[in-house]
Amino acid sequence: MSFISYLVNGISLGSVYAIIALGYTMVYGIAKMLNFAHGDVIMIGGYVTFMIMSTMGLSPWLGIVAAVVVCTLLGVVIEKIAYKPLRGASPLAVLITAIGVSYFLQNIALLIFGANTKSFTSVVSIPDLVLADGQLTISGETIVTIIASVIIMIAMTLFIKKTKTGRAMNAVSEDKGAAQLMGINVNKTISITFAIGSGLAAIAGILLVSSYPALTPYTGAMPGIKAFVAAVFGGIGSVPGAMIGGILLGVIENLSKAYISSQLADAIVFAVLIIVLLVKPTGILGKEIREKV
Amino acid sequence: MALLEVKNLSIAFGGLRAVDGFDISIEKGQLYGLIGPNGAGKTTIFNLLTGVYKPNDGIINLDGKNIAGMRTIDINKAGVARTFQNIRLFKAMTVLDNVKVALQNEYRYSALTGICRLPKYFKMEKKMNERAEELLKVFDLDGQKDIMASNLPYGKQRKLEIARALATNPKMLLLDEPAAGMNPNETQELMDTIRFVRDTFDMTILLIEHDMKLVSGICEQLTVLNFGKVLAQGETSVVLKNPEVITAYLGE
Amino acid sequence: MKKKIGMNKSTYNNMITLGIVVAAYIIIQILISTGSVSSLMEGLLVPLCVYVILAISLNLTVGILGELSLGHAGFMCVGAFASAFFSRLTEDLITATYLRFLIALIIGAVCAAIFGIIIAVPVLRLKGDYLAITTLAFGEIIKNVVNVMYVGKDSTGIHFSMKNAMDLNLKEGGDVIIKGAQGITGTPTDSNFTIGIILVLVTMIVVMNIIKSSTGRAITSIRDNRIAAESIGINITKYKVITFAISAAFAGVAGVLYSHNLSTLTATPKNFGYNMSILILVFVVLGGMGNIRGSMIAAIVLTLIPEYLRFMQDYRMLHKRKGAE
Amino acid sequence: MKRILGLILVLVMAMSVVAGCGGSGNDTETTGSSTASDKFYIGGIGPITGAAAIYGQGVKNGAQIAVDEINAAGGINGYQIEYKFEDDEHDAEKAVNAYNTLKDWGMQILMGTVTSTPCMAVSAKTAEDNMFQVTPSGSSPDVIVGDNTFQICFSDPNQGIASADYIAENALATKVAVIYDSSDVYSSGIYEKFASQAESKGIEIVAAEAFTADNKSDFSVQIQKAKDAGAELVFLPIYYTEATLILKQANSIGYKPLFFGCDGLDGILGVENFDTSLAEGVMLLTPFAADATDKLTQDFVATYKENYGEVPNQFAADAYDAIYTIKAAIEKSGATPDMSVSELGDALKGAMPEIAVVGLTGKGAEMTWAATGEVSKKPMAVTIKNGVYTAN
């Protein structure tokens with residue numbers, strides 16, 4: 001019974017990683033950059049919902065919508081101000097700028113919201129699921145998180161496959177130059193990608209702090225890194241890869257905490273990552289790109 | 001015995017048989033041409049010969065030793081050097097260093113010798129410099145030895161690549177479209193250089209080329225490739241008159 | 001006529017860089033002796049040497065070899081802990097400070113180099129961001145493991161545990177040297193500015209000499225064009241391993257300097273986590289890839305700016321971002 | 001050339017930030033000249049940015065209130081206090097830099113640092129300079145190895161031992177689980193002593209589960225293991241941010257043991273928007289409770305709220321007491337600001353074992369100090385009942 005509990009909690013944690021990783025992966029696929037600030041957009045999403053719900057006392061739904069709107073705009077603005085001028089610059093310069101944006105967001109949050117922990121009221125109102133005579137309890141947050149991640153993943157896959165914008169995103173990620181020649185507005189497509197990625201980050205943020213309700217300016221940093229690991233794990237650039245990577249990461253993390261060592265859980269997660277990459281250098285679902293000679 | 005003897009060389013990518021049962025035999029000192037339409041598999045053959053790809057099947061005998069499936073660096077040590085279709089110089093290194101880096105297997109010293117600047121370092125560096133400058137002189141590049149490779153004009157970059165390949169002291173040189181992007185004057189000059197290299201270094205040369213003037217001008221033997229298979233093989237003048245070759249090139 | 005191998009432009013440049021370091025050392029020593037250096041500056045001298053060494057050594061991997069490494073702080077951590085452990089262990093045995101520090105230095109460098117080699121193995125298969133994440137993962141593993149490591153000594157020898165200090169079962173009078181998250185305390189503060197400068201010079205000379213030797217040319221050729229490098233017989237594996245080992249060894253040296261400057265050593269996300277690795281990377285990128293003097297200047301400037309901007313505390317982090325742009 | 005330009009650009013930008021924000025600079029920081037000898041220069045060090053900022057900000061503000069009060073009341077023996085606080089980002093190296101910065105400013109007495117690891121590094125430096133140091137919350141025993149350093153808070157081993165004793169004496173439980181932060185000096189320090197003391201007191205530790213600074217949001221596994229092991233009491237030698245998560249997650253799986261913590265849990269009721277019903281019945285050993293009814297606490301909390309808009313935590317109270325302890329030591333020794341740092345150090349450390357201070361964190365009783373620097377004050381167990389701390 002405990003095992004099932006560990007597993008379910010791992011899947012729940014992994015689902016949050018998966019949604020964050022989705023944002024990473026989409027942005028990476030198109031802009032070919034690691035958006036290190038992604039984790040901090042999550043944190044901003046959490047704070048916006050917190051403000052609306054707890055400070056202003058409005059409905060959770062409004063909080064969610066506001067967070068998505070704010071994060072979407074934030075994503076677009078970050079892209080316009082920080083990344084767009086650097087298009088064509090060395091990947092390292094972009095990476096460092098992204099890290100800079102990450103620090104910037106953390107410190108803005110520190111200035112606005114202060115360092116004190118804020119306890120987040122869960123947006124989930126469905127009751128916990130009690131099974132097997134109370135031996136196994138699955139929280140409402142867990143259920144919602146898992147369902148939300150599945151829906152988001154299906155929606156994103158359909159979006160990329162079926163819609164014009166989605167296909168444009170695919171085209172830009174394959175070959176920016178060719179896409180431009182085909183009449184696709186590359187800048188707009190990249191903006192849309194950032195918008196979607198950041199909107200997803202808002203949802204991930206709300207789910208994260210609903211399950212783990214301690215909100216600080218640094219809340220997003222570590223899940224951000226973990227999600228980045230998850231994205232690489234699954235094969236960066238791949239939507240189902242992000243999902244698989246995220247959930248696997250969550251499950252491995254929880255099971256190693258449970259059965260190996262709670263102190264070394266992170267080390268184990270990272271070790272598994274390295275082993276996976278040794279066997280499959282481009283992640284589980286990543287495409288191998290052969291260099292043309 | 002021929003210097004290079006290739007039998008039944010084959011490789012498939014996915015379902016595509018990029019090279020299928022390729023045979024070739026090149027004598028020492030020969031200037032050999034490999035031609036064919038785009039996508040015929042010419043560069044793939046170079047990649048197979050140099051170990052960039054591992055063949056699914058076939059034998060590559062270099063001087064009596066089968067090098068098929070060996071690593072690139074070992075094939076180079078066995079005596080095959082090449083140039084690339086899209087020039088692959090070490091762009092952020094000087095012209096001289098581009099050649100010196102190719103000389104270091106011959107004038108070898110350890111990393112520690114280099115760090116500590118032991119006497120051997122100075123001795124080897126001196127030898128390397130002399131040898132590299134000698135090679136650069138052959139290609140008329142000695143005047144530009146201290147500039148960055150990326151700052152050389154296009155034609156000279158091609159030449160530098162050949163010089164670098166020669167620096168590894170190969171038995172055989174593979175040139176992948178050496179005249180690509182050159183004007184007729186440069187091509188003419190290149191033809192002279194290739195001949196000169198062959199004569200001075202007693203080098204065996206296999207080259208891929210689209211420029212028929214160059215091919216007919218310097219190649220003694222010719223293999224025509226189409227869809228991964230050998231279409232025709234033999235003396236240049238004969239092969240070029242082969243109706244099948246003409247069809248393959250000009251279409252129906 | 002100049003010698004064939006001698007004062008060409010890059011040698012001249014290197015001489016200037018070394019000259020700057022020596023001149024800076026002399027000037028600062030004079031200022032210290034006249035008492036006109038602030039306590040802050042005096043306290044920063046050794047850390048500055050640490051960061052300069054880190055930046056230069058990472059430049060070898062990132063700038064010269066062209067591989068993105070986000071685990072440099074992990075090597076520093078290995079060097080710091082290995083050497084501090086040694087110094088604590090032999091504090092009473094070896095009383096000659098310089099001898100003890102020299103041995104600690106070698107131990108730190110060698111241990112870090114071994115880890116560098118271990119990491120280089122997966123590196124050979126991976127490229128770009130996958131490599132970056134692997135190095136980050138290694139760094140985090142090192143930090144995580146160090147945090148649960150307990151090592152103590154007593155009359156029966158050295159004991160090791162991954163659980164807690166009680167698990168060591170030390171005899172009466174035993175001494176727990178590495179106490180998990182509490183790290184190592186009471187490391188003798190053997191390092192000083194003069195040692196720091198000597199190590200900076202050694203690092204610079206070694207890196208400069210590598211760059212201007214066949215090893216350096218091979219490494220650069222791999223960065224510029226791996227396929228072409230292979231085609232002329234450059235052993236990619238060998239040179240990547242050499243680069244990682246040397247780079248890690250000097251990160252280890254920086255760690256030794258670091259751990260012998262403060263009396264307490266713990267592995268926190270701040271000092272040995274990926275944040276530190278990224279900070280070092282920022283030094284390298286802002287200083288210019290492959291540019292040793294640039295790395296040095298960037299490390300110094302970016303370490304000094306926040307310290308001299310302390311009066312605007314809360315806004316301090318903001319300008320770091322501006323710097324990155 | 002590009003590189004130099006880049007660096008100049010960095011400098012210019014940094015300067016422009018200074019120019020832009022200079023006007024809005026923090027007014028609690030005062031700069032003074034180090035030559036003036038009619039004032040005591042007290043410096044403070046702690047993390048006010050970064051993940052540990054919450055502790056440093058409490059200390060910074062709590063001490064500021066004490067300083068303001070003392071100055072308004074005429075100072076110490078007629079001498080005013082100059083107070084300046086520097087950030088260390090919870091990093092040993094930064095803390096030493098902060099210490100040196102304060103020395104340049106003219107610091108004579110150090111109130112700091114806030115967290116243990118940086119504190120050890122700084123203590124080594126104050127020992128060299130023989131500077132009198134009072135740490136409000138650096139609780140590791142390694143902090144006070146120098147004879148010039150004194151603690152306001154309990155040391156970690158003492159908290160661990162006191163907790164085990166309390167649990168055993170009151171027969172709270174025989175099967176105990178511990179959830180602690182293995183990457184944190186404070187937490188692992190308490191845990192270790194607790195574990196050995198529990199053993200000797202016949203308490204069985206059925207589960208000892210750790211988490212790390214990088215992995216502190218999901219506690220489902222640790223809680224499940226405690227539950228499976230049948231622990232009647234879960235000991236939480238951790239800070240309250242993580243504790244709020246543990247309480248929430250334990251509640252969501254229907255696990256309701258007795259939760260027992262140390263002073264790190266203090267402040268849990270002050271977490272904005274925290275559902276205090278989750279903390280119902282939680283016991284903790286703490287020297288300070290923000291809703292205590294004595295006048296001293298109430299005045300302090302009111303002033304703090306007024307100035308900083310938040311309920312002060314234990315760190316703020318420790319800092320407040322630290323300043324008053326310094327005051328008491330100065331008064332006892334009759335030290336004057338014109339003494340050198342080392343003279344002050346000798347005078348004050350001599351006075352410390354002789355003074356007794358009633359502060360916020362002594363629960364009305366007096367705090368006294370051993371010459372080693374360790375504080376002696378009675379730990380107080382409180383239980384959270386109806387959303388307030390209630391003394392047992």
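Numbered from 1 within each chain, the chains take letters A, B, ... in sequence-line order.
For D:Asp214, the part lying under 4.5 angstrom from a heavy atom of chain C is the side chain only. Of the two parts of C:Tyr150, only the side chain, counted from C-beta on, holds a non-hydrogen atom closer than 4.5 Å to a non-hydrogen atom of chain D. In this structure, the portion of D:Ala213 lying under 4.5 Å from any heavy atom of chain C is its side chain and not its backbone. At a 4.5 Å heavy-atom cutoff, the contact between D:Thr212 and chain C is made by side-chain atoms alone. In this structure, chain D has heavy atoms under 4.5 Å from both the backbone and the side chain of C:Ser38. For chain C, no part of D:Ala210 is nearby; none of its heavy atoms comes within less than 4.5 Å. C:Glu42 does not touch chain D: none of its heavy atoms, backbone or side chain, sits under 4.5 Å away. Residue D:Tyr191 touches chain C through its side chain alone, counting heavy-atom pairs closer than 4.5 Å.
Taking chain C as the reference chain and counting heavy-atom pairs below 4.5 Å, the highest number among D:Thr101, D:Asn97, D:Val185, D:Asp91 is found for D:Asn97.
Using a 30° and 60° split on the angle between ring planes, C:Tyr51 and C:Phe283 fall in the perpendicular class, above 60°.
Under 4.0 Å is where a charged nitrogen must lie from a carboxylate oxygen, and between D:Glu192 and C:Lys179 no such pair does. A salt bridge is absent between D:Lys201 and D:Glu199: the closest approach of a Lys/Arg side-chain nitrogen to an acidic carboxylate oxygen does not fall below 4.0 angstrom.
Aromatic pair C:Phe81/C:Tyr258: centroids not less than 6.0 angstrom apart. Between D:Tyr186 and D:Tyr239, the distance separating the two ring centers is shorter than 6.0 angstrom.
Note: C:Leu45 CG to C:Leu40 CG = 9.5 Å, rounded to the nearest 0.5 Å.
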What's the verdict on side-chain contact (heavy atoms from CB on, under 4.5 Å) for C:Thr264 and C:Thr187, showing C-alpha distance, side-chain angles and the deciding distance?
CA-CA 7 Å; C:Thr264 166; C:Thr187 317; over 6 Å; no
